[in-house]
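Throughout, a chain's letter reflects where its sequence line sits, starting with A, and its residues are numbered from 1.
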Number of protein chains: 2
Amino acid sequence: MAIKLSTAEERRPLVIAAAITAFARTGYRGTTVADVAAEARISSAYVFKLFPSKEQLFVGALDACYDRVVESLGHGVEHATNPTPDGILDSMGGAYAELIADRDLLMLQVHAQSAVEVPEIGAALRRGYRRVTEFASTRSGATDAAVQRFIAFGQLCHLVATLGIDDSSEAWAATLAAGIRHPDFTAAAPGSAAGSSTGGNAA
Amino acid sequence: MAIKLSTAEERRPLVIAAAITAFARTGYRGTTVADVAAEARISSAYVFKLFPSKEQLFVGALDACYDRVVESLGHGVEHATNPTPDGILDSMGGAYAELIADRDLLMLQVHAQSAVEVPEIGAALRRGYRRVTEFASTRSGATDAAVQRFIAFGQLCHLVATLGIDDSSEAWAATLAAGIRHPDFTAAAPGSAAGSSTGGNAA
DNA sequence: ACCATGAGTGAGTGTACAGTCACTCATATG
DNA sequence: CATATGAGTGACTGTACACTCACTCATGGT
């Protein structure tokens with residue numbers, strides 16, 4: 001494949017996108033560079049020309065993941081209908097829920113968490129959560145407790161999606177998944193569907 | 001090692017304990033059966049006599065992990081000073097925070113989450129969360145929303161420990177870790193130290 | 001004393017994977 | 001045309017790992 005030649009600088013982000021998909025599927029250790037290469041429709045030898053190591057490739061994918069998460073939170077701020085701190089946080093939650101509906105960005109974060117012991121990956125993960133937390137805090141103006149709860153319910157959201165219990169009929173699963181939107185939402189309104197998706201209705 | 005002969009039935013739980021430690025360190029794919037064997041001070045060949053496969057060994061470790069989690073929640077119920085649903089949930093949170101102070105049981109769950117795509121592991125993980133959720137719900141009598149928040153803050157607790165930001169001085173880290181106890185707590189009172197460790201002070 | 005049982009191991013086997021290297025060939029420019 | 005540049009690959013290497021097998025030997029029963 002790759003009939004048309006492109007420059008390395010053009011190709012790199014495409015490989016990152018392929019890496020996100022591949023690593024999201026089977027994690028850092030469970031995914032081979034050949035898997036990523038196949039997803040990107042290039043040879044694995046060329047992946048190593050574009051990235052120095054599997055580790056750096058994963059870090060690149062994770063950084064790109066958080067770029068998109070922060071961007072998504074920004075959209076949440078812009079489309080907030082209720083301009084109070086909690087309203088903004090809620091809108092951010094809605095935007096985030098929409099972003100991770102395809103599960104790749106979500107699973108990548110879960111898998112990254114399981115690879116923290118790799119120093120570069122641990123650092124990238126802390127960098128990502130730092131960006132998200134600071135962005136949520138400064139752009140919403142909410143209290144630390146509200147921001148903490150925002151992240152806590154984000155983590156719950158990751159758990160529910162990982163377990164695949166979004167639409168289970170079992171009672172325990174329904175308890176955990178309550179208010180967390182199904183992936184098959186109507187893609188229309190970014191801000192409106194937010195509701196209580198990531199923790200509005202606690203207390 | 002293993003100078004003294006023991007029966008396979010006696011040895012198996014020891015190997016499970018070693019597996020918890022080893023898998024907690026580097027995850028399902030990052031840990032070799034030889035690592036577990038070394039931790040248990042036996043040969044890897046014998047590990048395969050005691051367990052049919054690496055996968056089943058991991059599942060055994062995960063099941064044992066949730067045995068201990070549920071047992072710990074039970075202690076929380078028994079030592080609750082405030083017998084209201086929220087008081088019991090809070091005491092469960094304290095007991096859980098104490099249990100996972102050594103991080104092995106916590107990291108095993110994180111790593112299990114990253115191995116959900118292995119069918120048997122995914123099933124074991126769902127089984128575990130089912131047990132925990134149902135136990136917390138029925139034994140506390142709390143509302144579904146309170147139970148959901150309990151689990152959400154448990155997940156936040158996992159994140160904080162995974163990132164190793166328990167006692168970071170950075171502001172974003174302090175926001176996430178607020179109220180989550182340091183590992184170096186005073187081991188005396190199981191129930192009393194609970195406080196707001198896993199989500200008492202939200203709202 | 002003898003043997004049956006089962007605990008425990010050393011030395012493999014086959015395979016999969018990260019990373020390398022020598023190479024091909026498409027394009028651009030003089 | 002000639003040749004330089006860089007995109008892209010096939011074939012390889014060395015190593016690590018899940019799992020197997022043939023074996024040793026300690027113990028308890030008769």
Side-chain angles (χ1 to χ4, degrees), chain A residues 1-19 21-62 111-112 114-115 117-121, chain B residues 1-19 21-62 111-112 114-115 117-121:
Chain A
M1 299 305 162
I3 305 129
K4 187 186 157 200
L5 286 186
S6 45
T7 71
E9 277 61 39
E10 275 170 359
R11 181 76 71 182
R12 233 180 296 261
L14 299 179
V15 176
I16 290 276
T21 302
F23 282 126
R25 211 141 44 208
T26 40
Y28 177 57
R29 314 241 191 199
T31 306
T32 71
V33 173
D35 291 337
V36 176
E39 185 73 33
R41 312 283 205 168
I42 61 176
S43 70
S44 39
Y46 194 37
V47 173
F48 283 106
K49 287 243 167 118
L50 297 172
F51 296 89
S53 66
K54 182 185 178 183
E55 186 180 319
Q56 285 307 309
L57 175 58
F58 188 87
V59 168
L62 194 56
H111 286 132
S114 177
E117 77 274 357
V118 180
E120 298 278 323
I121 295 178
Chain B
M1 299 303 164
I3 306 127
K4 189 185 156 201
L5 284 188
S6 46
T7 69
E9 277 61 40
E10 274 170 358
R11 182 74 71 182
R12 232 180 297 262
L14 298 179
V15 176
I16 289 276
T21 301
F23 281 127
R25 212 141 42 207
T26 41
Y28 176 59
R29 314 242 190 196
T31 305
T32 70
V33 173
D35 291 337
V36 176
E39 185 74 32
R41 314 281 205 168
I42 60 177
S43 70
S44 39
Y46 193 37
V47 173
F48 282 105
K49 287 245 166 116
L50 296 172
F51 297 89
S53 66
K54 182 186 177 182
E55 185 180 320
Q56 285 306 310
L57 175 59
F58 188 88
V59 168
L62 194 55
H111 286 132
S114 176
E117 76 273 358
V118 179
E120 298 277 322
I121 295 178

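Side chain of A:R11 to main chain of A:S6: no donor-acceptor pair is present (N/O by atom type, distance under 3.5 Å, no hydrogens or angles).
Contacts between residues 46-56 of chain A and DNA chain D, defined by a heavy-atom separation under 4.0 Å, are made by A:Y46, A:K49. Remark: nothing in residues 28-39 of chain A comes within less than 4.0 Å of DNA chain D through any heavy atom.
The CG atom of B:L14 sits 11.5 Å away from the CD atom of B:E39 when rounded to the nearest 0.5 Å.
In terms of the side chain to side chain donor-acceptor pair (under 3.5 Å) criterion, residue partners of A:T21 (sequence neighbours excluded) are, by chain and number, A:D104. Residues meeting the salt bridge (Lys or Arg N to Asp or Glu O under 4.0 Å) test with A:E117, sequence neighbours left out: A:R29.
For the pair B:E9 and B:A45, nearest-nucleotide mapping onto DNA chain C gives the more 5' position to B:E9.
For A:V47 against A:I42, the heavy-atom pair with the smallest separation is CG2-CD1, 3.8 Å. Closest heavy-atom contact between B:L50 and B:A8: CD2-CB, 3.7 Å. Shown here for B:A24 and B:H111, the closest heavy-atom pair between the two residues is O-CE1, 3.1 Å.
Atom CD in B:E10 sits about 14 Å away from atom P in D:dT27, given to the nearest Å. Rounding to whole angstrom units, CD1 of residue A:I42 and P of D:dG10 are separated by 12 Å. Taking atom CZ of B:R41 as the reference point, atom C1' of C:dA7 lies 19 Å away to the nearest angstrom.
Between D:dG8 and A:R11, a contact under 4.0 Å exists linking OP1 or OP2 to a side-chain N or O.
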Scan the side chains in residues 30-37 of chain A for donor-acceptor partners under 3.5 Å anywhere in the protein, sequence neighbours excluded, and list what turns up.
unit_1, atom_1, unit_2, atom_2, d
A:T31, OG1, A:A22, O, 3.4
A:T31, OG1, A:T26, OG1, 2.6
A:T31, OG1, A:G27, O, 2.6
A:T32, OG1, A:A34, N, 3.3
A:T32, OG1, A:D35, N, 3.0
A:T32, OG1, A:D35, OD1, 3.3
A:T32, OG1, A:D35, OD2, 3.3
A:D35, OD2, A:T32, N, 3.1

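Residue pairs satisfying the salt bridge (Lys or Arg N to Asp or Glu O under 4.0 Å) criterion with at least one member in residues 50-60 of chain B, sequence neighbours excluded, are absent. Each ring pair (Phe, Tyr, Trp, His ring centres under 6.0 Å) pair with one or both residues in residues 25-48 of chain A, not counting sequence neighbours, appears once here: A:Y28-A:F58.
The shortest distance between side-chain heavy atoms of A:L62 and A:F23 does not fall below 4.5 Å.
An angle of 10°, rounded to 10°, separates the two end axes of the helix from C:dA1-D:dT30 to C:dG30-D:dC1, each defined over five pairs.
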